[in-house]
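Below is one structure; the comments refer to it alone.
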Amino acid sequence: MKKTEYILLIVVLMLTMAGCVHQWPENPIDPTEVDVNIWVDAPVEMTQYPNGAAWVDTRLGTFEPKEAYDVDTSLYFRRYIVEINDVQSPQPDPVIRKVFTRSAGDTSAVNLEVSLHAVTYSIVVWQDFVYKPAAEDRYYLTDTLSRIHIQDMPDYTGSTDFKDAAYCSKVLDLNEHEGQYFTTEDVTLKLLRPLAKVVFVATDIDKFYYRAMQHSPSIFGSLEVSDAAATTLAEQRALLATLSNTVSVSGYFPSGFNAVSGRPNDAVLGYTFQTVPFMVNKRAVLAFDYVFVGENQTSITVNMQLFGPNGDVVNTISDLVVPIARNQVTIVEDEFFPVFDEC
């Protein structure tokens, strides 16, 4: 009798174990892998605010014809970061994260080939510029593409076109390939620029040079200046090179961007950077910068303070309300240099 009971118990245990071994999970991952061929196209060129006129990229020359603003692009890489996330996975880390670089001037389409299971993914791409030879963060912090952030002060930098950046995001549904083998999927992504550009241009550099020479020559410091009323561009450039400009933003400044949603997601109160004005096409570019902006037009309030070679304040410009829009350049032109007293 006991022997029969033992045999029945063993049979029950074996059936129970067999049921456990052969039970499939509720949502198994299909073992099929789809070969995904991703192409990333360069962003469209920026246009001029507010009329949409063509704009010349200052990275290779501002306000054609280019005169004195040459940037050595050989010092930089154009960096691409690609994150692919399983949208149904509770894990925050991407399934795939790839970082690769090209030369700074290479704007041709980028190709990436990956193998993915037949589920739904989000593909996020971020493109920016970094110093050679490494691909480490330079102007933007990119630990995760859902929380990209500008550099904190004092590491924040303005007046460089290598702060230009672009992103794109797309949901990729591969569920239709479930159970299929040797399948491919082609994906084309178009980069978008999440930034506006602001340029401050002084149109009175020639007047300022002459007025300062007549009424306040100490502003030039040790710079040797001509007595001629008609100054040369070389002399004006030399003067600008001795000046410095402190640019500050009043109120909140967009500091973070979510490349998954395509929206700014953080702001800081006030931001400041220092720069040196430079000559382009007989005008003085006092400063310029790139600013995160959402889909709607907005504005920032900017202050500038110009200093001479001895550290004396040359002029203070306050409360410039600058309208900005995504992928557009706002050029603020005025006579920003001081008018000296005639006495």
Side-chain angles (χ1 to χ4, degrees), residues 49 58 62-63 68-69 150-161 163 196-223 225 231 233 235-255 267-293 298-324 329-343:
Y49 179 91
T58 59
T62 316
F63 310 126
Y69 182 44
I150 60 176
Q151 291 279 7
D152 294 328
M153 294 187 295
D155 296 324
Y156 183 82
T157 303
S159 290
T160 173
D161 275 302
K163 282 184 66 179
K197 183 177 181 179
V198 180
V199 185
F200 298 94
V201 179
T203 59
D204 57 342
I205 178 62
D206 53 343
K207 297 178 183 178
F208 168 63
Y209 188 100
Y210 178 69
R211 292 192 300 251
M213 186 170 57
Q214 296 295 316
H215 304 288
S216 185
S218 62
I219 201 171
F220 297 105
S222 60
L223 181 67
V225 297
T231 60
L233 286 176
E235 289 174 318
Q236 293 172 16
R237 286 198 193 98
L239 169 60
L240 278 178
T242 68
L243 304 180
S244 63
N245 185 13
T246 297
V247 183
S248 61
V249 177
S250 301
Y252 283 96
F253 183 71
S255 59
V268 291
L269 186 60
Y271 237 68
T272 301
F273 68 90
Q274 283 75 39
T275 186
V276 176
F278 58 92
M279 283 292 295
V280 173
N281 204 21
K282 300 181 180 180
R283 291 179 289 180
V285 178
L286 301 182
F288 66 92
D289 203 7
Y290 288 83
V291 183
F292 284 130
V293 62
T298 183
S299 64
I300 56 174
T301 301
V302 177
N303 310 294
M304 293 187 291
Q305 196 163 39
L306 294 167
F307 295 89
N310 297 323
D312 299 329
V313 176
V314 174
N315 201 18
T316 298
I317 303 110
S318 302
D319 299 329
L320 290 172
V321 179
V322 183
I324 56 175
V329 183
T330 303
I331 304 174
V332 183
E333 289 185 305
D334 205 345
E335 295 190 350
F336 288 120
F337 288 109
V339 177
F340 296 95
D341 295 333
E342 295 296 329
C343 58

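Remember, predicted model here, so these are calculated numbers, not experimental data.
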Are any non-hydrogen side-chain atoms of [X] and [Y] less than 4.5 angstrom apart?
X: L240; Y: I205; answer: yes
X: T272; Y: T246; answer: yes
X: F337; Y: L306; answer: yes
X: F273; Y: P154; answer: no
X: V314; Y: F307; answer: no
X: F200; Y: L320; answer: yes
X: N303; Y: D319; answer: yes
X: S299; Y: V322; answer: no

Give a yes or no answer on whether the side chain of T330 reaches the backbone of P323 with a donor-acceptor pair at less than 3.5 Å.
yes

Would you find a donor on one side and an acceptor on the other, under 3.5 Å apart, between the side chain of N245 and the backbone of L286?
yes

Hey, what do you get for [atom1] ([X]) to [atom2] ([Y]), rounding to the nearest 0.5 Å?
X: F288; Y: T160; atom1: CZ; atom2: OG1; result: 6.0 Å
X: I324; Y: I300; atom1: CD1; atom2: CD1; result: 5.0 Å
X: S248; Y: F253; atom1: OG; atom2: CZ; result: 11.0 Å
X: N315; Y: E335; atom1: CG; atom2: CD; result: 11.5 Å
X: M153; Y: S255; atom1: CE; atom2: OG; result: 10.5 Å
X: D204; Y: E333; atom1: CG; atom2: CD; result: 11.0 Å

For F292, the ring-ring contact (aromatic ring centres under 6.0 Å, His included) test, sequence neighbours excluded, returns Y140, F257

Scanning both residues in full, the closest heavy-atom pair of V201 with V199 reads CG2-CG1, 3.7 Å

Mind listing the closest non-hydrogen atom pair of G308 and L243 along with its distance?
CA-CD2, 3.8 Å

Quiz question: by atom type and distance under 3.5 Å, do the side chains of T301 and S250 form a donor-acceptor pair?
no

With D289 via side chain to side chain donor-acceptor pair (under 3.5 Å) - residues at least two apart:
Y156, K163

The test is side chain to side chain donor-acceptor pair (under 3.5 Å); show your working for T316 and Q305 and say whether it passes.
CA-CA 4 Å; T316 298; Q305 196 163 39; 3.1 Å; yes

If you apply the rule side-chain contact (heavy atoms from CB on, under 4.5 Å), what do you find for T298 with V293, and how did you get there?
CA-CA 8 Å; T298 183; V293 62; 3.7 Å; yes

